[in-house]
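Before any comments, here is the structure.
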Amino acid sequence: MESLSDSDIMENVRDGQVEKLAILFERHHVKIFNFFLRLTGSHDLSEDLVQDVFIRILKYRSSYEGKGRFTVWMYRVARNVHVDHLRKNKGTYNLEDQFEEPESEEDSPMHALEQKKDKELIQKALSQLPVKKREALILSRFQDMKYKEIAELFGCREGTIKASIHRAVKQLGEIYLELQGGVPS
Amino acid sequence: MTCSNIQERFVEYLTGQLSEKESEEIRAHVAECSDCRRELESLTEIWTKLGVLKEERPGDRLRTRFYSMLETYKLAEEEKIRKEREGLFSRLKNLWPRKPVFQFALTLGMLVLGLVIGNVWTVIPQQETVNTALADEVQTMRQTLAASLIDQGSASERLQGINMSYTLVDPDDKLLDKLLSTLNSDPSVNVRLAAVEALYLFHDHPKVKKGLIDSLSRQSSPMVQAALIDLMVSIRERRAVDALKSLLEQEDLNPEIKDRAEKGIQRLSF
Ligand SMILES: [Zn+2]
């Protein structure tokens with residue numbers, strides 16, 4: 001069973017075989033969902049944003065050029081969807097909505113509670129990073145994107161991304177420490 | 001190399017994007033330089049901490065919404081093409097003259113013209129045929145989609161393709177062949193089981209019936225064997241008796257399957 005590349009499939013979608021978008025959906029929706037989840041901390045909102053990404057891919061399918069990795073193009077759409085959402089909602093998230101997911105069963109209740117607190121804290125720290133830094137950090141930490149690809153996605157030099165992600169991690173560490181009640185070094 | 005050069009590569013070091021040689025350079029530097037060591041330690045700590053944000057699964061509603069959006073989009077595209085055709089038709093109607101004499105002349109002219117181009121031009125479809133054409137289009141779309149998903153590399157994509165084929169009224173031979181070969185040779189038991197379910201829906205098709213009977217001897221998983229036996233019994237397929245008998249001759253047949261096959265033969269032999 002030989003799989004077509006994402007790019008080949010997207011070219012088919014562009015050229016009128018829109019039903020093939022389903023293959024791209026099956027391949028990528030969990031990844032994009034988690035990109036949004038880490039970016040926003042909200043389960044429901046992230047589902048809505050994923051849906052928006054695929055609507056836009058259809059709408060702008062004719063602009064797909066087939067250059068570079070499909071995922072770079074897809075994350076570009078995803079970033080735009082997120083930015084538009086922020087614009088509409090002036091950057092506020094419903095913090096109540098965060099992490100209603102049940103923890104895995106093997107954890108003891110104490111451990112689960114601790115983990116939940118940890119998760120909330122790190123998510124809160126993340127949300128205090130400026131959007132661009134947050135995006136770059138998430139892409140490199142969780143979405144298997146290389147500096148080169150992130151640079152292509154952001155339309156800037158690789159060196160800039162390198163430095164910016166480095167600063168983002170540092171800054172995140174400071175925010176996290178602060179939230180924990182410690183003193184930033 | 002300066003400390004800031006080294007520190008700039010820490011994230012790449014953490015994500016494993018550096019070569020062995022470059023990583024060695026980092027390790028050698030931090031062994032000597034306590035500033036950089038402290039910096040790397042604190043970065044590593046927060047980097048690891050981020051790991052609590054585990055990958056999560058979206059709800060099922062996301063998939064449902066996506067597929068209905070895709071279908072709506074496809075139908076809207078079809079509608080657009082149809083409107084364009086109709087628009088052309090009504091513009092032609094406006095050219096129709098009021099006076100009977102001219103009407104007659106025009107009709108005659110059109111008749112001649114029609115005879116000439118009739119061989120080349122396809123007839124503009126009527127309203128009802130457009131509606132059935134639209135329904136057919138949905139079927140065809142689902143069919144293509146199911147077939148292309150079944151061809152994909154991951155088991156979840158293939159499962160999705162099989163699920164999609166459940167919704168078809170009358171799948172074509174190509175898709176049925178695909179489902180049958182999936183049943184016989186897919187590496188995943190779950191995918192093979194889903195194929196049994198899908199083929200059950202189309203068991204009236206002679207090709208499917210034969211394929212299902214033939215498949216009994218090819219299955220090694222007791223789960224798939226059990227599903228096939230149950231299917232034969234529920235569609236009362238008497239021709240399966242022979243296949244069940246030869247299944248019983250297999251060495252190291254799972255005792256539960258043996259039992260099920262024997263009962264199946266009894267029920268089918270009445
Ligand atoms: Zn140093």
Side-chain angles (χ1 to χ4, degrees), chain A residues 1-4 9 12 16-23 25-27 29-31 33-34 37-38 41 43-44 46-48 50-51 54-55 58-59 99 101 104 115-116 118-119 121-123 125-126 137-138 140-142 144 146-147 159 162-163 165-166 168-170 172-174 176-177 185, chain B residues 4 7-12 14-15 17 38-39 42-47 49-63 65-67 69-71 73-74 76-77 138 140-154 156-161 164 182 185-187:
Chain A
M1 261 167 280
E2 188 136 330
S3 291
L4 281 173
I9 295 171
N12 289 339
Q17 292 175 268
V18 294
E19 63 278 357
K20 287 208 175 160
L21 186 68
I23 301 172
F25 174 84
E26 294 301 335
R27 284 185 188 173
H29 78 278
V30 176
K31 269 274 168 208
F33 170 75
N34 278 278
L37 186 61
R38 282 150 185 161
H43 213 269
D44 286 354
S46 298
E47 285 183 358
D48 291 347
V50 172
Q51 174 82 351
F54 284 97
I55 290 175
L58 269 187
K59 209 166 153 192
F99 303 112
E101 287 291 289
S104 63
Q115 237 193 11
K116 190 167 183 280
D118 250 10
K119 211 166 156 184
L121 205 61
I122 195 89
Q123 185 70 56
L126 254 182
L137 176 56
I138 292 172
S140 123
R141 175 67 174 83
F142 299 105
D144 314 318
K146 304 257 182 290
Y147 281 166
K162 236 188 235 187
I165 293 178
H166 181 238
V169 185
K170 246 181 114 156
L172 182 70
E174 285 158 14
Y176 183 75
L177 213 61
S185 52
Chain B
S4 72
Q7 293 185 4
E8 231 174 51
R9 299 162 94 177
F10 279 169
V11 174
E12 275 171 299
L14 291 171
T15 48
Q17 291 183 59
R38 226 172 297 131
E39 173 81 5
S42 75
L43 286 185
T44 309
E45 201 192 331
I46 192 73
W47 192 260
K49 195 112 238 170
L50 278 167
V52 297
L53 300 179
K54 297 228 167 57
E55 184 148 289
E56 292 180 21
R57 305 289 308 179
D60 288 339
R61 142 195 113 104
L62 178 58
R63 180 175 269 129
R65 276 163 77 203
F66 168 78
Y67 279 98
M69 181 276 286
L70 185 59
E71 214 152 279
Y73 183 90
K74 179 87 185 174
E77 289 280 284
V138 176
T140 317
M141 176 199 136
R142 289 202 176 134
Q143 189 140 286
T144 328
L145 181 56
S148 55
L149 280 165
I150 291 172
D151 280 338
Q152 295 310 309
S154 83
S156 76
E157 281 171 338
R158 299 198 304 275
L159 267 180
Q160 190 64 31
M164 181 126 299
T182 301
S185 52
D186 198 282

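Numbers restart at 1 for each chain; the letters A, B, ... are given by sequence-line order, proteins then strands.
Between A/His166 and B/Phe10, the ring-plane angle classifies as perpendicular under the 30° and 60° cut-offs.
The contact between A/Leu21 and chain B is made by backbone and side chain atoms together, counting heavy-atom distances below 4.5 Å. Only the side chain of A/Asn34 comes within less than 4.5 Å of a heavy atom of chain B; its backbone N, CA, C and O stay farther away. In this structure, chain B has no heavy atom under 4.5 Å from any part of A/Asp144. Residue contact with chain A, scored on non-hydrogen atoms closer than 4.5 Å, involves the side chain of B/Arg61 exclusively. Contacts between A/Leu121 and chain B at a heavy-atom distance below 4.5 Å are absent for every atom of the residue. Heavy atoms of B/Ser148 lying under 4.5 Å from chain A belong to its backbone as well as its side chain. Of the atoms belonging to B/Glu45, not a single heavy atom falls under 4.5 Å from chain A. Within the 4.5 angstrom heavy-atom criterion, atoms from both the backbone and the side chain of A/Phe54 approach chain B. Both the backbone and the side chain of B/Phe66 have a heavy atom closer than 4.5 Å to some heavy atom of chain A. Of the two parts of B/Glu55, the backbone and the side chain both hold a non-hydrogen atom closer than 4.5 Å to a non-hydrogen atom of chain A. Only the side chain of B/Glu77 has a heavy atom closer than 4.5 Å to any heavy atom of chain A. When heavy atoms are compared at a cutoff of 4.5 Å, A/Ser140 approaches chain B by way of both its backbone and its side chain.
Going from atom CZ of A/Phe33 over to atom CZ of B/Arg57 covers 9.5 Å, rounded to the nearest 0.5 Å. Distance check: A/Leu58 CG to B/Lys74 NZ gives 10.5 Å after rounding to the nearest 0.5 Å. Atom CG of B/Leu50 and atom CZ of A/Phe142 lie 4.5 Å apart (nearest 0.5 Å). To the nearest 0.5 angstrom, B/Ile46 atom CD1 is 9.0 Å from A/Leu137 atom CG. Atoms NZ and CD, on A/Lys162 and B/Gln17 in that order, are 9.0 Å from each other to the nearest 0.5 Å.
For the set B/Lys49, B/Arg9, B/Lys54, B/Glu71, the count of heavy-atom pairs under 4.5 angstrom toward chain A peaks at B/Lys49. Annotation: maximal heavy-atom pairing with chain A below 4.5 Å, among B/Glu8, B/Gln160, B/Arg65, occurs at B/Arg65. Chosen from A/Lys59, A/His29, A/Arg27, A/Lys31, the residue pairing most often with chain B at heavy-atom distances under 4.5 Å is A/Arg27.
A/Glu19 contributes no side-chain N or O that, together with a main-chain N or O of B/Thr144, makes up a donor-acceptor pair within less than 3.5 Å. Put simply, the side chain of A/Arg38 gets close to the backbone of B/Leu53: a donor and an acceptor are under 3.5 Å apart.
The nearest pair of heavy atoms linking A/Val169 to B/Val11 is CG2-CG2, 3.9 Å. When every heavy atom of A/Glu47 is checked against every heavy atom of B/Gly59, the shortest pair comes out as OE2-N, 2.6 Å.
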